[in-house]
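Here is how names work: the chains are called A, B, and so on, in the same order as the sequence lines, proteins then strands, and each is numbered from 1. Predicted, not measured: the structure shown is a model, and the values here were computed from it.
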Amino acid sequence: MDIQSIVETDITRSIAELYPGNSCDVQLTPTKKEFEGQYTFVTFPLTKALRQAPAQIGQAIGAWLLKNSTVVSAFNVVQGFLNISIADTAWVGLLNDIVANPNFGILPTKEQSVMVEFSSPNTNKPLHLGHLRNNFLGDSVSKILAANGYDVVKTCIVNDRGVHICKSMLAYKLFGTDASGHGETPESAGMKGDHLIGKYYVLFDKAYKAQIEEMVGQGTPKEEAEKKAPLMLEVQQMLRLWEKGDPETVALWSQLNAWVYAGFDATYKRIGVSFDKTYYESNTYLLGKEVVEEGLQKGVFYRKDDSSVWIDLTEEGLDQKLVMRSDGTSVYMTQDLGTTDLKYQDFHNNRQIWVVGNEQDYHFNVLFAILRKLGRTYAEALYHLSYGMVDLPTGKMKSREGTVVDADDLIQETVDAASAAADDAAKGKLEDFSEEEKATLFQTLGLGALKYYLLKVDPQKRMQFNPTESVDLHGNTGPYIQYVHARIRSVLRKAAELNVVLEGPVAATQLDEIEQQLVFLLSQYPERVAEAGTAYAPSYIAQYAYELAKAFNQFYDRLSILKETDPIKLHTRLILSKSISETIQKAMGLLGIEVPEKM
RNA sequence: GCAUUCGUAGCUCAAUUGGAUAGAGCACCUCACUACGGAUGAGGAGGUUUGGGGUUCGAAUCCCUACGAGUGCACCA
């Protein structure tokens, strides 16, 4: 049992003994650093029942603890706050427990599985900054849930069909193919496939806008021009051809998508993201029609005179929603109903999570409500991990207006920034690195900076992306934490050279305050993992890793490790440092960030 | 207009879910280097938590209200 639980149990016992017949839900909070002690018990909730002053209760419980608890070494009462100090023997014991547990921070299996769906790109343009937040969140949440003892299945649904990809296809046909039928390729253009197709998507939009402008100039109302522009009509024709399976159209579609996938794969590989199963919308977009039938039979849906199908969710505080068009074709909601069933049939996960931006909050409320009404047994365990948009200092990103930050460009910039910073900061520490090792290191640092920057913010919140801050290596950043890891590893290497023992339990000794604080922080790790899991919040882990790294730097500054002459203290500090470096590695690992040995 | 999310230091974010004098980073001003890795540490300044009410021992957090911002309200996905 950890120290906090011991103290909580002891306090519960003290209340039962001191105030028979009374009880209270004992919850400790960490003591604020301006007061002495590590844990604080708030006595206010007891005052009413006991009819005593808060400070009086605090004194009584404190005195009882000092006498009866095995771990409490001192206490003080400030107003109604009972601050409890823990004995060094208890801290040392705790440290030994942590060190002896190779699975520290990996929680026992829940015997349950979770599906996390994320990334879900469109195949008409390369990934941008917004996708990066999505990918990093999805990947990190998957790792956090795995650490919480769940079996995790990572999935991605690729939007590989529809109007958007036809736009790129048409533009490619018109502007990217010469008279003899030879088209531009990623090789001939010297571009990644996803960027090449993105180029044609932009070209389409330009030409389309020009047509609209021309028509409006000739007196056509704007709305009509948007619908009747020749390019738009051609796109719709192309979509119909695709749906009919026209060989030429399908061949073009396959070719362009193949280029895009090659581009995506390169990006995924670089950011270290992978999936257990990828679904393609071209295979799933017709799903859901039998769900509509089922809904009609169960009386959950109803058919209008024009034969379109609807659901009335006004009782749930939502609206009426279309689930099938009057011509019998599916809408987005229909597909999602079908796909959700499909995913459940494939994996039978106890829970399903979607990492999707908050502009779709309403869609998911409706989706979940429908599935509940249809009586799906899994419907109670669906969760939309809704995250806020990423804004630029200049405002919102808009793909059509060219104000997006491209993912590949951004990654390269942060890697370059890490490389540039190393020129004056690393000074000789990388002397024995080959060029290849250096490149790997800068990749680790640049990506670490970027991932940490995007993950340290509460997922639900909209956040601002500042390009200058994102490549910063100082303060609350990924590289700051990576630096602490490299720093500790350096000390440990030096200790090994000096033949100092780095194994074995720590003997009882007196600890400095900062050392107690570090053991305390270490001991909190499993709890933070659990909290991050229930809240689906990598930001909790980011916050924790930073706190731990910062505390280590304070410790490092105040106390010497290798120059310590007392062999017991030397050993304690080394074991403590080692444990911190391992915990930093684990925590950063949950964020998908690697930590270097040297930097 | 209706629904919904949000508003914390100059800027970007925290605040253990209702607990103490609201904390970090950046930027600004000091200080500490023969360094176990200075990509560091210590300190200063910076706040009526958008304004106004309410709930209670106690509110950035819960309720009401005004103001401001985002998002959604397609037989698009």
Side-chain angles (χ1 to χ4, degrees), chain A residues 27-35 40 42 44-45 47-48 54 78-81 83 122 159 161-164 281 285 304 306 308-310 317-319 322-333 335-336 357-363 365 386 388-389 391 393 396 418 421-422 424-429 445 453 456-458 460-466 468-470 472-477 479-480 482-484 486-495 498 524 527-528 531 535 539-540 542-543 546-547 550 553-564 573-574 577 598-599:
Chain A
Q27 267 196 322
L28 295 177
T29 55
T31 302
K32 295 209 132 203
K33 54 184 165 194
E34 56 263 44
F35 300 102
T40 295
V42 184
F44 290 108
T47 51
K48 253 187 191 166
V78 183
Q79 295 171 24
F81 298 89
N83 300 320
N122 289 347
N159 283 300
R161 50 135 255 134
V163 176
H164 59 272
E281 203 192 290
Y285 82 107
K304 281 192 181 176
D306 65 359
S308 59
V309 181
W310 295 75
L318 304 165
D319 293 317
L322 178 92
V323 292
M324 180 133 77
R325 293 193 190 100
S326 48
D327 64 2
T329 56
S330 306
V331 290
Y332 181 39
M333 187 60 70
Q335 283 179 46
D336 258 10
N358 62 10
E359 70 272 13
Q360 294 199 38
D361 285 354
Y362 187 79
H363 170 78
N365 282 337
S386 163
M389 299 202 162
D391 283 323
K396 201 184 159 179
D424 50 54
K427 281 204 189 89
K429 290 167 198 159
L445 297 179
Y453 185 84
K456 74 175 173 185
V457 181
D458 181 346
Q460 320 244 10
K461 287 193 179 168
R462 191 183 186 89
M463 67 175 289
Q464 194 164 123
F465 180 83
N466 183 317
T468 320
E469 276 180 23
S470 71
D472 198 354
L473 317 169
H474 307 277
N476 188 357
T477 65
Y480 171 92
Q482 289 171 317
Y483 170 74
V484 170
R487 200 180 207 188
I488 295 173
R489 298 298 301 168
S490 170
V491 174
L492 294 178
R493 277 193 300 273
K494 201 145 283 178
L498 299 170
Q524 290 246 300
E527 203 180 314
R528 297 290 189 102
E531 286 167 359
S539 57
Y540 288 16
Q543 181 89 7
Y546 177 63
E547 277 172 30
K550 193 172 151 69
N553 270 343
Q554 290 170 343
F555 159 72
Y556 184 86
D557 190 67
R558 287 175 208 172
L559 303 171
S560 179
I561 301 171
L562 293 178
K563 285 180 190 154
E564 174 57 52
R573 287 176 190 169
L574 280 169
S577 301
K598 294 180 183 177
M599 65 185 271

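- Side-chain N/O atoms of A:Thr31 and A:Thr40 include a donor and acceptor closer than 3.5 Å.
- When heavy atoms are screened at a 4.0 angstrom cut-off, A:Asp458 is found touching the sugar-phosphate backbone but no base atom.
- For the P atoms, the distance linking B:C13 with B:U17 amounts to 24 Å, nearest Å.
- Base contact: A:Ala486 has a heavy atom under 4.0 Å from a base atom.
- For the pair A:Phe555 CZ and B:A42 P, the interatomic distance rounds to 14 Å; values are reported in whole Å.
- For the OP1/OP2 pair of B:U16 and a distance below 4.0 Å, the side-chain nitrogens and oxygens of A:Gln524 include no atom meeting the criterion.
- A:Val42 comes within contact range of at least one nucleobase, with a heavy-atom separation under 4.0 Å.
- When atom types are taken as modelled, the side chain of A:Asn358 and the backbone of A:Asp361 share no donor-acceptor pair closer than 3.5 angstrom.
- Contact between the side-chain N/O atoms of A:Lys456 and the OP1/OP2 oxygens of B:A14 is not found at any separation under 4.0 Å.
- Nucleotides B:A60 and B:G19 place their P atoms 10 Å apart, quoted to the nearest Å.
- Base engagement by A:Leu559 is indicated by at least one non-hydrogen atom pair under 4.0 Å involving a base atom.
- Nucleic acid contact class of A:Lys550 (heavy atoms, under 4.0 Å, all strands): sugar-phosphate only.
- If you check every strand for non-hydrogen atoms under 4.0 Å, A:Thr40 touches a base.
- We find that CG of A:Asp472 is positioned 14 Å from P of B:A39, with the value rounded to whole Å.
- A donor and an acceptor atom, one from each side chain of A:Asp319 and A:Tyr362, are located under 3.5 Å apart.
- Separating the C1' atom of B:G41 from that of B:A24 is a span of 15 Å, rounded to the nearest Å.
- Of all non-hydrogen atoms in A:Asn476 and A:Lys456, the two that sit nearest each other are O-NZ, 3.2 Å.
- Side-chain atoms of A:Thr477 and A:Asp472 include no donor-acceptor pair closer than 3.5 Å.
- B:U17 adopts a syn glycosidic conformation, its chi angle falling within 90° of 0.
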TODO: Run the numbers on A:Gln360 and A:Tyr332 for side chain to side chain contact (heavy atoms under 4.5 Å, CB included), then give the verdict.
DONE: CA-CA 12 Å; A:Gln360 294 199 38; A:Tyr332 181 39; 2.7 Å; yes

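- Between the C1' atom of B:A39 and the CD atom of A:Gln482 lies a distance of 11 Å, rounded to the nearest Å.
- With centroids closer than 5.5 Å and planes inclined by less than 30 degrees as the test, A:Tyr556 and the base of B:G41 fail to qualify as a stacked pair.
- In this structure, A:Arg558 does not reach the B:C36 phosphate: none of its side-chain N or O atoms is under 4.0 Å from OP1 or OP2.
- Counting to the nearest Å, the P atom of B:A15 and the NZ atom of A:Lys33 are 15 Å from each other.
- Distance check on atom P: B:U61 versus B:G51 gives 11 Å, rounded to whole Å.
- When heavy atoms are screened at a 4.0 angstrom cut-off, A:Thr47 is found touching no nucleic acid atom at all.
- Among the protein residues, A:Lys429 comes within range of the nucleic acid bases, having at least one heavy atom under 4.0 Å from a base atom.
- A:Leu28 places its CG atom 16 Å from the C1' atom of B:U17, with the value rounded to the nearest Å.
- If you take CZ of A:Arg489 and C1' of B:A39, they are 19 Å apart, rounded to a whole angstrom.
- At the heavy-atom level, A:Pro30 lies under 4.0 Å from base atoms of the strands shown.
- Both geometric conditions, a ring-centre gap below 5.5 Å and a plane tilt below 30°, are not fulfilled together for A:Tyr480 over the base of B:A39.
- Of the side-chain N and O atoms in A:Gln464, one or more sit less than 4.0 angstrom from OP1 or OP2 of B:U12.
- To the nearest angstrom, C1' of B:C76 lies 18 Å from CE of A:Met324.
- Under the Watson-Crick and G-U wobble criteria, each requiring two contacts below 3.5 Å, nucleotide B:G58 is left unpaired.
- A stacking contact between A:Tyr362 and B:A3 is absent: the pair does not combine a ring-centre distance of less than 5.5 Å to the base's six-membered ring with planes differing by less than 30°.
- The partner of B:G46 cannot be assigned: no Watson-Crick or G-U wobble pair with both contacts below 3.5 Å exists in any strand.
- Taking 3.5 Å as the limit, the base of B:A14 and the side chain of A:Ser539 contain no donor-acceptor pair of atoms between them.
- Considering only the side chain of A:Glu359, B:U71 comes nearest among B:A77, B:U12, B:U71.
- The P atoms of B:A22 and B:U16 are separated by 15 Å, rounded to the nearest whole Å.
- Residue-level contact check: A:Asn466 touches neither bases nor backbone, having no heavy atom under 4.0 Å from any strand.
- A:Met463 comes within contact range of the sugar-phosphate backbone alone, with a heavy-atom separation under 4.0 Å but no base atom that close.
- Closest-nucleotide positions on RNA chain B for A:Lys304 and A:Arg462 were compared, and the one nearer the 5' end corresponds to A:Arg462.
- Residue contacts shown for A:Asn83 include a base, since a base heavy atom lies under 4.0 Å away.
- With rounding to the nearest 0.5 angstrom, the OG atom of A:Ser330 is 9.0 Å from the OH atom of A:Tyr285.
- Between the side chains of A:His363 and A:Asp336, at least one donor-acceptor pair of N or O atoms lies under 3.5 Å.
- A:Asn553 comes within 4.0 angstrom of the backbone, heavy atoms only, and of no base.
- For A:Gln27, the CD atom is loosely surrounded, since the number of other residues' heavy atoms within 6.0 Å does not exceed 12.
- B:A59 sits 13 Å from B:A15 when the C1' atoms are compared, rounded to a whole Å.
- One finds no side-chain N or O of A:Lys32 lying less than 4.0 angstrom from the OP1 or OP2 phosphate oxygen of B:G19.
- Between B:G47 and B:G7, the two C1' atoms lie 15 Å apart (nearest whole Å).
- Distances were taken from every side-chain heavy atom of A:Val491 (C-beta onward) to each of B:C36, B:A39, B:C26; the shortest belongs to B:C36.
- Phosphate proximity of B:G70 to A:Lys461: absent, as no side-chain N or O sits under 4.0 Å from OP1 or OP2.
- Protein atom CG of A:Asn358 is 19 Å distant from nucleotide atom P of B:A3, rounded to whole Å.
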- [ ] Could you please spell out the steps behind the side chain to side chain contact (heavy atoms under 4.5 Å, CB included) verdict for A:Phe81 and A:Phe44?
- [x] CA-CA 8 Å; A:Phe81 298 89; A:Phe44 290 108; 3.8 Å; yes

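- Nucleic acid contact class of A:Glu547 (heavy atoms, under 4.0 Å, all strands): none.
- When the nearest nucleotides of RNA chain B are assigned to A:Pro45 and A:Tyr332 by heavy-atom distance, the more 5′-ward of the two goes with A:Pro45.
- OP1 and OP2 of B:A77 both lie 4.0 Å or more from every side-chain N or O belonging to A:His363.
- With both ends at atom P, the span from B:U21 to B:A3 equals 38 Å, rounded to whole Å.
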